[in-house]
Amino acid sequence: MKNSIPSGVVQFFEPLSSLRRSTENSLIEFFKDNSYKEIVTPSFSYENGISSGLFEPLKTKLFKLIDKSSGQTMILRADITMQIMQAVLMGDFDMPARICYADNIYRDIKEHSGQKREFKQVGVELLGIKEKTADNEIINLSIESLRKFDIKDITVRISDTYIFERLFEKYGLNDSKKTKKIKGFLEKKNISLILKSITELPNNFIDNLKRLETLSGYVKKNNDYYNDVLDIAQDAIDTAKKIQSDNKDIKVFLDLFYCEHPMYHHGITFSVFSENRSLVVGGRYGNVTKPFGKYIPATGFAINLDELIYFLSNKEKK
Amino acid sequence: MITIALPKGRLMEESIDILNKKGLNVDIVKNSRKLFFYDKNEDYKFLIVRAQDVATYVEYQAADLGIVGFDVLTESSKDVFELTDLGIGYCKMVVAGKSKECFEQKTNNIRVATKFVNVAKKYFEQKGINAEIIKLYGSIELAPLLGIADCIVDIVSTGRTLRENGLEVLDEIFESTAMLIANRVTFYTKNSKIKKFIDIIDEKNN
């Protein structure tokens, strides 16, 4: 049809198009003011060069093309983090490196899922620092970047994907079929199904799961409150407390019962919400450079620019 | 205020009974066509939707919470939290047919009639059986009798409909009860209110 555009892509008209342009510019300027340097990556990569590090569920959502000169398969950018890491490794950057970006993401999502096949992400990556200071810097920067737009009513969710990894290790449950099944249920916070359908679980394992679930909530100042889970959850507790003390006016939800399956983030992960909308997602992902032969500790966050401008535009209308 | 999507039918009635028992005072006006209502204190807004749509309303945040059978939830595979098993609305997802023989013809395609296309597909894939899935919207039990399918995948509670139509359970896929599901964002932003509602509706807490 002459007048139709593919599903999952969007045309922006005024005033949204201007809002989109100015929002992107002020985010990038703000990141640059905080010592983050911009990288612009190409829209195409060779599938071979990048696919080993790609997040597994993305592999079925790639737009693919053939490079006629080399016969190789190329993919449209489906995840910017991988490309940034590739650029950093190729460019032999000095560490720590602070990078920011604003680029389109392309994912071949099935129709009627409500998701977009093209959207713009603006974000930062902080590479080369394994200490918690990097997590704090990144989470605080994400909150500050929203404050730039006078966004209030902020809730931050802070978790650590290693909590369950440590728990599985403690109970000798690593990498079995049973563990995969448990992770699938945990990802949905479905403890009832674990009880119902997984047999022969080690003693106390379920008690520990329940404890993590019960202790999750808006962060408590009282140190003793978390005593029972300190051995596996100290990093998340410290980070949540630090973010709360740096930002007295926001709510910090410490989710100790948080699972990613398959696991994308490795370590501290977070989301930032306002007025019941998810505006920022971020966390540790240094493991993605392992397939390229080098481990670089890394954390970062991404803002879906299109979601943010819809949010800002609705706020203006109110 | 939090919004809760309820599935039209028996499950909704059972859920409202529990809420009333706990003193929430929820009353739906009989013969009304209104698709939403509130509790007496107006702490909760309830939406009346089709069971198949509950998880969609929750995923898209038209509702913060929803009550839906695990059978329907598994079929729709929506991106929501499954907070607690409410223990009501028990049924079983089964494979049924005229006899075990339909399982034994591994070399041929088995024709399976069902409302639960994704559940059936996954089940036969895991069994290593080639299945041709025929989507039907009701009276599934007729399909094997009329020869358009070798077996069916459907839910049963007492098994009476199967028996009266000359079918037997060939395998049980899973047991299903109602789950309380939550939106992945408002779970965090409205957590205190959500926890309060769980305390009210989850019979295990009493």
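Each chain gets a letter, A, B and so on, in the order its sequence line appears, and its residues count up from 1. Side chains are part of it too, since the values below use all heavy atoms of this structure and drop only hydrogens, waters and symmetry mates. As the structure is a computational prediction, the values presented were derived from the model and not from experiment.
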Completion exercise
Separation between CG (A:N227) and CG (A:D224), nearest 0.5 Å, reads 5.0 Å
Problem - Pick from A:E275, A:E187, A:K251 with the largest number of heavy-atom pairs that fall under 4.5 Å of chain B - result: A:E187
Problem - B:K135 to B:Y137, cation-pi by 6.0 Å centre distance and 45° axis angle - result: yes
Fill in the blank from the handout: Whatever's closer than 4.5 Å to a heavy atom in chain B on A:L193 counts as side chain
Exercise for the section: Identify which part of A:F185 has an atom lying under 4.5 Å from any heavy atom of chain B, answering side chain, backbone, both or neither. Expected result: neither
Exercise for the section: Nearest 0.5 Å please: distance from the NZ atom of B:K115 over to the CD atom of B:E75. Expected result: 10.5 Å
Exercise for the section: Name the region of B:F174, side chain, backbone, both or neither, that has any atom closer than 4.5 Å to a heavy atom of chain A. Expected result: neither
Handout entry: Worked check of salt bridge (charged side-chain N to carboxylate O under 4.0 Å, His left out) between B:R163 and B:E141
Key = CA-CA 10 Å; B:R163 278 193 304 277; B:E141 295 81 359; over 6 Å; no
Exercise for the section: Pick one of side chain, backbone, both or neither for A:S216, based on which atoms fall under 4.5 Å of a heavy atom in chain B. Expected result: backbone
Problem - Nearest-0.5 Å distance that lies between atom CG in A:L312 and atom OG1 in A:T23 - result: 5.5 Å
Fill in the blank from the handout: Applying a strict 4.5 Å limit to non-hydrogen atoms, the region of A:D153 in contact with chain B is neither
Handout entry: Toward chain A: residues of residues 3-11 of chain B with heavy atoms under 4.5 Å
Key = none
Exercise for the section: Taking the side chain as every heavy atom from C-beta outward, state whether A:V219 and A:K241 have any pair of such atoms under 4.5 Å apart. Expected result: yes
Practice task
Quick one: pull up NZ in B:K98 and CG in B:L170 and give me the separation to the nearest 0.5 Å.
Solution key: 12.0 Å
Practice task
Verify the ring-centre separation between A:Y258 and A:F164: is it less than 6.0 angstrom?
Solution key: no
Completion exercise
One option among B:V80, B:I181, B:N191, B:N183 has the most heavy-atom pairs under 4.5 Å with chain A, and it is B:N191
Problem - Under 4.5 Å from any heavy atom of chain A - which part of B:T56 - result: neither
Practice task
Give, for atom CG of B:L65 and atom CD1 of B:I2, the distance between the pair rounded to the nearest 0.5 Å.
Solution key: 4.5 Å
Practice task
Please work out which of the three classes, parallel, tilted or perpendicular, describes the rings of B:Y38 and B:F36, given edges at 30° and 60°.
Solution key: perpendicular
Problem - Nearest-0.5 Å distance, CG of residue A:N314 to CD1 of residue A:I309 - result: 10.5 Å
Practice task
Answer with side chain, backbone, both or neither: which region of B:K190 has an atom nearer than 4.5 Å to a non-hydrogen atom of chain A?
Solution key: both
Practice task
May I ask you to name which of A:T155, A:I191, A:N276 has the most heavy-atom pairs under 4.5 Å with chain B?
Solution key: A:N276
